[in-house]
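The next block holds one structure in the form of structure tokens; read it before the comments.
FYI, the numbering just counts along the sequence from 1. Note that ligands are numbered from 1 as they come in the structure, with each ligand's atoms numbered from 1 the same way.
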Amino acid sequence: MTTQTILVTGGAGFIGSHTCVALAEAGYEPLILDNLGNSDRRVIGRLERIIGKAPRLIVGDVRDRALLDRVFRETPISGVIHFAGLKAVGDSVADPITYYDNNVNGSFVLAAAMHAAGVQTLIFSSSATVYGDPDRSPIPETAALRPANPYGHSKRMVEQALADLQHAHPAWRIALLRYFNPVGAHESGLIGEHPQGKPNNLMPFVSQVAVGLRERLAVHGGDYPTPDGTGVRDYVHVMDLAEGHVAALRHAEKQPGLTTLNLGTGHGASVLEVVKAFERASGQPIAYDVGPRRPGDVPAYWGDPTLAEATLGWRARRGLDQMCADSWRWQQGNPNGYE
Ligand code: NAD
Ligand code: UD1
């Protein structure tokens, strides 16, 4: 059998790079298209060390229709995993047009190029952020969609457009994957997440405190109606997520249709539970202060992953201790990312 090439937009980024590993392990050939706006081309050498072969990187933008047409013309591509996009909630509030252009227009240009090329298998990175502040947890896929910021709106808009596309053209095979909170790193410590500037997200901040890059964690709120008063989230190991994409691709190959799935663990962990787990994994104390709530934060939510398990046979296998141990290995070995 010939190896199938999967176009991975945003494949140089955090989740995309880990998914390239899972794709290669499953026998696919990842072809990365990334504008390197939030990533580093040196990830390719790291991927080569893990996979044994450097994936091809095309440096370019998903909004560049001529480039996409050329890529689809020159390489037989059997499916696309679409990670490319911007993901900082605060930036999306400050600069919504840039967010809609990258995330919504970028997805439209990609879908139109795929349609023209006859490539009809698409896995899309959505987010649990489409649920906004949910009525209850665990959140099922049928919960109301109430995104609370332009980033969340951009994901919801693309979900709707892809559902309409699949309805109009039933031969398409589309999976909309709603990730909860992706954390961790590949167990090799060779690839991981390296946010530019001060991290917004909890796990990168905690690991930077552990490695001595930052002094103290500010815990955003200690008076939530949760067991220890701090915010609760569904942290999911990035390699579990990566394997979820391969499972979704395999499922899409079996039959046309549209599938919308949560990818999470089904369990919530509080900020202080994450801090304790990271202290255990790293052997380092994490200094913290409990401060005011962060505006816009939801007290607690976690996903219901039972539909993903029933549909894909996929389940998150790695727990919080492994998420912290793998984040720590990456952080310790690469305090300045890929530099
Ligand atoms: P990331 O920033 O590490 O990866 C995104 C990649 O896309 C980067 O390498 C960036 O350079 C590239 N990119 C951005 N805009 C592009 C464009 N117009 N053309 C080509 N390349 C472009 O982010 P990530 O955490 O790996 O997220 C991947 C996807 O998953 C995003 O769509 C994000 O919205 C979604 N998602 C992420 C999270 C999370 O917490 N990390 C949660 C839910 C959903
Ligand atoms: C954020 C995004 C969400 C995105 C998700 C991806 C916002 C409002 N939401 O969600 O759209 O899908 O990241 O992972 O930005 N915390 C601290 N101190 C910190 C950082 C975070 O106490 O320095 C707390 C937060 O209050 C929250 C938890 O840690 O309770 C997790 O925060 P974070 O990692 O930013 O994720 P989300 O808020 O879930």
Completion exercise
A student checking ligand 2 against Ser127 at a 4.0 Å heavy-atom cut-off should list atoms 12 (O)
Fill in the blank from the handout: among protein heavy atoms, the one nearest atom 25 (C) of ligand 2 is Asp297 OD2, 3.4 Å
Problem - Heavy-atom nearest option to atom 25 (O) of ligand 1, drawn from Arg63, Lys87, Gln196 - result: Lys87
Problem - Contact check, Ser17 vs ligand 1, heavy-atom distance below 4.0 Å - result: no
Problem - Which residue and heavy atom of the protein sit nearest atom 38 (O) of ligand 2, plus the separation - result: Arg294 NH2, 2.8 Å
Handout entry: Location of contacts on Arg233 toward ligand 2, heavy atoms closer than 4.0 Å
Key = side chain
Exercise for the section: Classify the angle between the aromatic ring planes of His169 and His115 as parallel (below 30°), tilted (30 to 60°) or perpendicular (above 60°). Expected result: tilted
Handout entry: Identified side-chain hydrogen bond (donor to acceptor under 3.5 Å, both in side chains) partner of Asp240 from the options His18, Arg318, Gln322
Key = Arg318
Just distance, no hydrogens or angles: give the donor-acceptor pairs under 3.5 Å from side chains in residues 200-207, sequence neighbours left out.
unit_1	atom_1	unit_2	atom_2	d
Ser207	OG	Met203	O	3.1
Ser207	OG	Pro204	O	3.1
Ser207	OG	Gln331	OE1	3.3

Problem - Top protein contact for atom 38 (C) of ligand 1, by heavy-atom distance - result: Pro182 CG, 3.9 Å
Completion exercise
A student checking ligand 2 against Thr129 at a 4.0 Å heavy-atom cut-off should list atoms 11 (O)
Practice task
Check the pair Phe180, Ile139 against side-chain contact (heavy atoms from CB on, under 4.5 Å), reporting the backbone distance first and the verdict last.
Solution key: CA-CA 10 Å; Phe180 281 74; Ile139 311 172; 4.0 Å; yes
Problem - Heavy atom of the protein closest to atom 27 (O) of ligand 1 (residue, atom name, distance) - result: Ile15 CD1, 3.8 Å
Practice task
Enumerate the atoms of ligand 2 whose separation from the nearest heavy atom of Asn181 is less than 4.0 angstrom.
Solution key: 14 (O), 36 (O), 37 (P), 39 (O)
Practice task
Output the list of atoms in ligand 2 that are nearer than 4.0 Å to some heavy atom of Val219, sorted by atom number.
Solution key: 22 (O)
Fill in the blank from the handout: for atom 18 (N) of ligand 1, nearest protein heavy atom and its distance come out as Asn102 OD1, 2.8 Å
Exercise for the section: Indicate, as side chain, backbone, both or neither, the part of Leu202 found under 4.0 angstrom from ligand 2 when only non-hydrogen atoms are considered. Expected result: both
Problem - Nearest-neighbour protein heavy atom for atom 19 (N) of ligand 1, which is reported as residue plus atom name and distance - result: Val62 N, 3.0 Å
Exercise for the section: Out of Phe180, Phe83, Tyr179, Phe124, indicate the one that has the non-hydrogen atom closest to atom 28 (C) of ligand 1. Expected result: Phe83
Problem - Close approach of Tyr301 to ligand 2, heavy atoms, under 4.0 angstrom - result: yes
Handout entry: Salt-bridge criterion met for Arg56 and Glu29 (N-O under 4.0 Å)
Key = no
Completion exercise
Checking heavy atoms under 4.0 Å, the part of Asn201 that sits near ligand 1 is neither
Practice task
Of the side chain and backbone of Tyr224, name the one, both, or neither that has a heavy atom under 4.0 Å from an atom of ligand 2.
Solution key: neither
Practice task
Answer with yes or no whether Ser126 contacts ligand 1, where contact means a heavy atom under 4.0 Å from a ligand atom.
Solution key: yes
Problem - Which residue and heavy atom of the protein sit nearest atom 18 (N) of ligand 2, plus the separation - result: Ala218 O, 2.8 Å
Handout entry: Contact atoms of ligand 2, heavy-atom distance to Val89 under 4.0 Å
Key = 2 (C), 7 (C), 9 (N), 11 (O), 15 (O)
Practice task
Among all protein heavy atoms, pick the one closest to atom 24 (C) of ligand 2 and tell me residue, atom and distance.
Solution key: Val271 CG2, 3.6 Å
Exercise for the section: Verify whether one side chain among Tyr99 and Asn149 offers a donor that lies under 3.5 Å from an acceptor in the other. Expected result: no
Exercise for the section: Pick one of side chain, backbone, both or neither for how Asn200 approaches ligand 2, counting any non-hydrogen atom pair under 4.0 Å. Expected result: backbone
Problem - Residues Arg41 and Asp34 bridged, charged N to O under 4.0 Å - result: no
Fill in the blank from the handout: If you scan protein heavy atoms around atom 17 (C) of ligand 1, the nearest is Asn35 ND2, 3.2 Å
Practice task
State whether Arg156 and Glu159 are salt-bridged, where the test is any N-O pair (Lys NZ or Arg NE/NH1/NH2 against Asp/Glu carboxylate O) under 4.0 Å.
Solution key: no
Practice task
Return the residue, atom name and 0.1 Å-rounded distance of the protein heavy atom closest to atom 11 (O) of ligand 1.
Solution key: Asp34 OD1, 2.7 Å
Practice task
Report the part of Ala128 (side chain from C-beta onward, or backbone N, CA, C, O) that has a heavy atom under 4.0 Å from ligand 2; answer both or neither where that applies.
Solution key: neither
Handout entry: Criterion side-chain hydrogen bond (donor to acceptor under 3.5 Å, both in side chains) against Asn334, the qualifying member of His194, Arg329, Arg46
Key = Arg46
Exercise for the section: Kindly indicate whether atom 4 (C) of ligand 2 is approached by any protein heavy atom to under 4.0 angstrom. Expected result: no
Handout entry: Non-hydrogen atom of Tyr288 closer than 4.0 Å to ligand 2
Key = no
Problem - Nearest-contact summary for atom 2 (O) of ligand 1 - protein heavy atom, Å - result: Asn38 ND2, 2.7 Å
Exercise for the section: If you have a sec, work out which protein heavy atom is nearest atom 33 (C) of ligand 1 and how many Å separate them, to one decimal? Expected result: Tyr151 OH, 3.6 Å
Problem - Close approach, Lys155 and ligand 1, non-hydrogen under 4.0 angstrom - result: yes
Handout entry: Protein heavy-atom partner closest to atom 22 (O) of ligand 2 - residue, atom, separation in Å
Key = His220 N, 2.8 Å
Practice task
Please step through side-chain contact (heavy atoms from CB on, under 4.5 Å) for the pair Ser107 and His82, ending with a clear verdict.
Solution key: CA-CA 8 Å; Ser107 300; His82 179 37; 3.0 Å; yes
Practice task
Give, for atom CG of Leu122 and atom CG of Leu165, the distance between the pair rounded to the nearest 0.5 Å.
Solution key: 8.5 Å
Completion exercise
For Ile123, the hydrophobic cluster (side chain heavy atoms closer than 4.5 Å, chained through members) also holds Ile6, Val8, Phe14, Ile15, Leu23, Tyr28, Ile81, Phe83, Leu177, Tyr179, Val236, Val238, Leu241, Val246, Leu249, Leu261, Leu263, Leu307, Leu312, Trp314
Completion exercise
among protein heavy atoms, the one nearest atom 31 (C) of ligand 2 is Tyr235 OH, 3.3 Å
